[in-house]
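Counting begins at 1 with the first residue of the sequence. Since this is a predicted model, take the numbers as computed values, not measurements.
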Amino acid sequence: QVQVVESGGGSVQAGGSLRVSCTASGSLYALKCLGWFRQSPGKEREGVAAINSPTGNTIYGDSVKGRFTISQDNDKNTVYLQMNNLKPEDTAMYYCAADFCLLDILSFDLDAWNYWGQGTQVTVAS
C-alpha cells in the first residue's frame, strides 16, 4: 500500500524560509512523479511544484516561481520543497502527491495524482 508522508512546515514571519519534505513508499513500481499542492480555507487546491524523478523535469505554479524550489533525494525516495521569501498569501495546508506518471506527463491536474499525504500546515505571519 502506497504511503505518502509529509514533514516540516510550521510558522514563519513574512520574508522567511521553510522546507517541507515528502516521502513516498510502499509501491512495487516506481512513483516517478512527486508534487506539492496547497489549499487554504475557501479556496481550491492548487499546484505548487512537481518533479518527474527520472528526468528531473519540474513545473511550478506562477505564484511561487523564483521563490520555491523542488528537489529530490532518489536514495531516500524523498522530495523537498524549499520555500523562500514567504508571503502571508502562502499560508495554506501543503499536500504532497505521488503518481506512477506512466506517460511522463507532469501536470497540476488533480485527477492525475493518485496518492496523497495528509498535509502539513504552513503559516506565514505578516
Verify same cluster id: [X], [Y] (apolar side-chain graph, 4.5 Å):
X: Tyr80; Y: Met83; result: no
X: Trp116; Y: Val2; result: no
X: Leu86; Y: Val48; result: yes
X: Val20; Y: Tyr95; result: no
X: Leu103; Y: Leu106; result: no

Short side-chain to backbone donor-acceptor contact, [X] and [Y], under 3.5 Å:
X: Gln72; Y: Ser53; result: yes
X: Thr123; Y: Thr91; result: no
X: Gln82; Y: Thr69; result: no
X: Trp113; Y: Ser107; result: yes
X: Glu6; Y: Gly119; result: yes
X: Asn52; Y: Asn57; result: no
X: Arg45; Y: Arg38; result: no

| Between Asp99 and Lys32, is there a side-chain N and carboxylate O pair less than 4.0 Å apart? | no
Point-to-point distance, once rounded to the nearest 0.5 Å, from [atom1] of [X] to [atom2] of [Y]:
X: Asn114; Y: Asp111; atom1: CG; atom2: CG; value: 9.0 Å
X: Glu89; Y: Ser40; atom1: CD; atom2: OG; value: 10.5 Å
X: Gln118; Y: Cys96; atom1: CD; atom2: SG; value: 12.0 Å
X: Ser27; Y: Gln1; atom1: OG; atom2: CD; value: 11.5 Å
X: Ile51; Y: Ser71; atom1: CD1; atom2: OG; value: 7.0 Å

| query | So, for Leu34 and Ala98, which heavy atoms are closest and what is the spacing to 0.1 Å? | reply | CD2-CB, 3.3 Å
| message | Looking at every non-hydrogen atom in both residues, tell me the closest pair between Leu81 and Ala49 and how far apart they are. | response | CD1-CB, 3.9 Å
| task | Give the C-alpha distance, both sets of side-chain angles, the deciding distance and a yes or no for side chain to side chain donor-acceptor pair (under 3.5 Å) between Asp73 and Thr78. | result | CA-CA 5 Å; Asp73 182 336; Thr78 298; over 6 Å; no
| field | Aromatic ring pairing Tyr115/Phe100, orientation class (parallel under 30°, perpendicular over 60°, tilted between) | value | perpendicular
Please examine the side chains of [Y] and [X], heavy atoms only from C-beta on, and report whether any two atoms are closer than 4.5 Å.
X: Leu18; Y: Tyr94; answer: no
X: Phe68; Y: Asn84; answer: no
X: Phe37; Y: Phe108; answer: yes
X: Trp36; Y: Cys22; answer: yes

